Amino acid sequence: MLHLVLSISAVVAAATGSPDASARKVVQTAMTRMGGADALRRFDALSLETVGYRNLLEQSERPEGPWIPAIERTTEAWDIPHGRWSETTQQVVAEMDFTMRTVVDGSIAARRFGERWIPAGPADVDAAREWMSLSPQAVMREAADASDLRLEADREFQGVPHRVVAWGSDERARRLLVNAETGFPTAIEELRAYPEDRFWQVWGDVPTRIAWSYWDIIPGGATPVIYPRQWDVERGGRPWRALTITKIEPGSVAGDSFDVPTDARTASAESASRSLDAPRLGDPKRPASELAADVVYVPGSWGIALVRQDDGVVVIEAPISAGYSAAVLDEAKRRFPDTPVKAVVSTSDSWPHFGGIREYAARGIPIYVLDHNVPQIRRALDAPHRFHPDALARSPRAAVLRPVSARTSLGSGPNRIELVPVRGETGERMMLAYLPGSKVLYASDLFQAGRDGPPEYAWEVADTARREKLDVTTVFAMHSDPTPWGKLIELTAPPAPR
């Protein structure tokens, strides 16, 4: 875990506002080793190409790894002073190979797939700004200009001694590790919240560290710059990204690097007004539907279901954010005004799928979760949310967890729910929710209608249904609208011989 707790000396230095002379000397030495302040200014605008990978921490099959890697080949354009950034990425994940382009221009963010532009959002704007601000050139300038620059205790990092300088406070606090033997900067650390990021928001105050290595001379200008070609990024204490710069051209940005069509800019501006804390529930183009009496499915990017039983409403899934969960609970009250919410069922360990779990804990609503997922859910519930407090952070209380280790009945009557652990290879950390009264099966993240071929996920749903002797007529899932059971069976059938 990153050493991100402010020391007493750091607090004193921040209070006085006077820079630490020893810390300033460390920063000046590091900047000089890289080529000096004037030379680094050439890197405020640049074009670069990288190759590397990104661990899909948010959706890998096991929280502790191994993680699914996304192999990436990327071209970026930076304009740090004007907050402009663009990236074209070819990403390969198993059999999937696609290219997408993202452009951030001030507060506007848009993404292009093929010829289609779609709005991005505040999280993408924030990510671009943070990425550029954590670059070596931006970090060195920020440290050199800090009025509260301070020296902290030396630390061993990567097996060698390092000087540590820090500046800022709270979410603006940063630490720079400088190799004590070479004088070069090695890593930058920060601790902050990501309230608009659908993957990271649930983890509250998240530590990030970028380590730089593979230093190389970049010619040009009056003075060449020595610059790191390898960047390794840890977030939340886990390896998240690694990249190698294969080409870098400081001061060179193509004229069309930040072009976004007018209609995409307009859509992006509208998207920027929507927060994860105050989201729109559901999808206006796909209205909610009743799958059976008092069984309501609300589709969306992450769908949920409301199941009314004699003694209360059961919510299936707590995705996205605490704000989304609050909207779901309001919808349950609107549809069933005289019936309290008695439980929420979380069926997957994918981060967006339980991103709103803390709201249910804050309200004392029992949470049903697969036994394998209890450690991860507890980690999310215990995660500090000091910088962007939610309801649970403002009024802490013990969560009511109901671990599911075997087929479990939830409620009684015609809308009784059977919670069924999948125990499959890809669905190891998922469970199904079966309503025997209406023969409706909720398949967690294991069914996505329209996907080509005989997917392993759908096969595991069918296999679990056979094992548990489930009589199903309709299947739906977080990302799939209600579908006849026969369609899923067709997806799992072997291809006909040629």
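Note that the structure is a prediction, hence the values are computed from the model and not measured.
Judged purely by distance below 3.5 Å, without hydrogens or angles, the side chains of Thr186 and Gln158 never pair a donor atom with an acceptor atom. There is a side-chain donor-acceptor pair under 3.5 Å between Ser275 and Glu196. Checked by atom type, the side-chain pair Thr88/Arg101 shows a donor-acceptor distance below 3.5 Å. With no hydrogens or angles considered, a side-chain donor-acceptor pair links Glu76 and Trp131 at under 3.5 Å.
In this structure, Leu446 and Gly427 approach most closely via the heavy-atom pair CD2-CA, 4.1 Å. Between Tyr324 and Gly282, the closest heavy-atom pair is OH-N, 3.4 Å. Shortest non-hydrogen contact noted between Glu317 and Gly303 is CB-O, 4.1 Å. Counting all heavy atoms, side chain and backbone alike, Val341 lies closest to Ala332 at CG2-CB, 4.0 Å. Across all non-hydrogen atoms, the minimal contact from Pro239 to Asn55 is O-ND2, 3.0 Å. Nearest approach of Arg358 to Ala380, heavy atoms of both residues: NH1-O, 3.1 Å.
Applying the salt bridge (charged side-chain N to carboxylate O under 4.0 Å, His left out) test between Arg175 and each of Glu152, Glu189, Glu190, Glu142 identifies Glu152 as the sole match. A ring pair (Phe, Tyr, Trp, His ring centres under 6.0 Å) with Tyr227 is found for exactly one of Trp215, Tyr214, Phe43, namely Phe43. The residue from Glu61, Arg62, Arg423 that alone fulfils the side-chain contact (heavy atoms from CB on, under 4.5 Å) condition with Arg429 is Arg62.
Residues Trp78 and Leu48 have side chains in contact (heavy-atom distance under 4.5 Å, counting atoms from C-beta outward). Proximity of Leu306 to Val315: side-chain heavy atoms (C-beta onward) are separated by under 4.5 Å at one or more points. Between Trp231 and Ser135 the shortest side-chain heavy-atom distance falls below 4.5 Å. Side-chain contact between Met478 and Thr347 is absent, with no heavy-atom pair separated by less than 4.5 Å. Side-chain atoms of His162 and Asn179, non-hydrogen and from C-beta on, do get closer than 4.5 Å to each other. Residues Val314 and Leu410 form a side-chain contact, since some pair of their non-hydrogen atoms from C-beta on lies under 4.5 Å apart. The closest side-chain heavy-atom distance from Ile248 to Ile218 is below 4.5 Å. Counting only heavy atoms from C-beta outward, the side chains of Tyr194 and Leu276 never approach each other to under 4.5 Å.
In this pair, Trp203 and Trp351 present their aromatic rings perpendicular. The plane angle is above 60°, beyond the 30 to 60° band.
Between the side chain of Asp205 and the backbone N or O of Arg386, at least one donor-acceptor pair lies under 3.5 Å. Not one N or O on the side chain of Arg112 forms a donor-acceptor pair closer than 3.5 Å with the backbone of Ile118. One N or O on the side chain of Thr464 and one on the backbone of Glu460 form a donor-acceptor pair closer than 3.5 Å. Under a 3.5 Å cut-off, the side chain of Trp67 and the backbone N or O of Pro63 do form a donor-acceptor pair. The closest donor-acceptor contact from the side chain of Asp148 to the backbone of Gly168 lies under 3.5 Å. Between the Ser348 side chain and the Ser444 main chain, no donor and acceptor come within less than 3.5 Å of each other. The closest donor-acceptor contact from the side chain of Arg129 to the backbone of Gly83 lies at 3.5 Å or more, if one exists at all. A donor-acceptor pair under 3.5 Å is absent between the side-chain atoms of Arg155 and the main chain of Ala153, judged by distance alone.
More than 12 heavy atoms of other residues, nucleotides or ligands lie within 6.0 Å of CZ in Arg407, so this atom counts as buried by the packing criterion.
For residues 240-250, the pairs satisfying salt bridge (Lys or Arg N to Asp or Glu O under 4.0 Å) are Lys247-Glu249, with sequence neighbours left out. Pairs of residues two or more places apart, or lying in two chains, that qualify as salt bridge (Lys or Arg N to Asp or Glu O under 4.0 Å) and include a residue from residues 158-168 are Asp154-Arg163.
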Do Gln137 and Leu46 pass the side chain to side chain contact (heavy atoms under 4.5 Å, CB included) test, and can you show the C-alpha distance, the side-chain angles, and the key distance before you say yes or no?
-> CA-CA 11 Å; Gln137 63 272 33; Leu46 58 81; 3.5 Å; yes

Trace of the side chain to side chain contact (heavy atoms under 4.5 Å, CB included) decision for Glu359 with Val328 = CA-CA 10 Å; Glu359 183 69 20; Val328 169; over 6 Å; no

Report the C-alpha separation of Arg379 and Gln376 in whole Å, then their side-chain angles, then the decisive distance to 0.1 Å, and conclude whether the side chain to side chain contact (heavy atoms under 4.5 Å, CB included) test is met.
-> CA-CA 5 Å; Arg379 187 161 67 91; Gln376 173 141 275; 3.4 Å; yes

Walk me through it: do Asp445 and His479 pass the test side chain to side chain contact (heavy atoms under 4.5 Å, CB included)?
-> CA-CA 7 Å; Asp445 201 21; His479 303 302; 3.0 Å; yes

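Judged as a side-chain contact (heavy atoms from CB on, under 4.5 Å), and not counting sequence neighbours, the contacts of Arg42 are Val225, Pro250.
In this structure, Arg54 forms a cation-pi arrangement with Trp240, its terminal cationic atom sitting closer than 6.0 Å to the ring centre and no more than 45° off the ring axis.
Remark: Arg172 does not engage Asp170 in a salt bridge, criterion side-chain N to carboxylate O under 4.0 Å. Remark: Glu49 does not engage Arg73 in a salt bridge, criterion side-chain N to carboxylate O under 4.0 Å.
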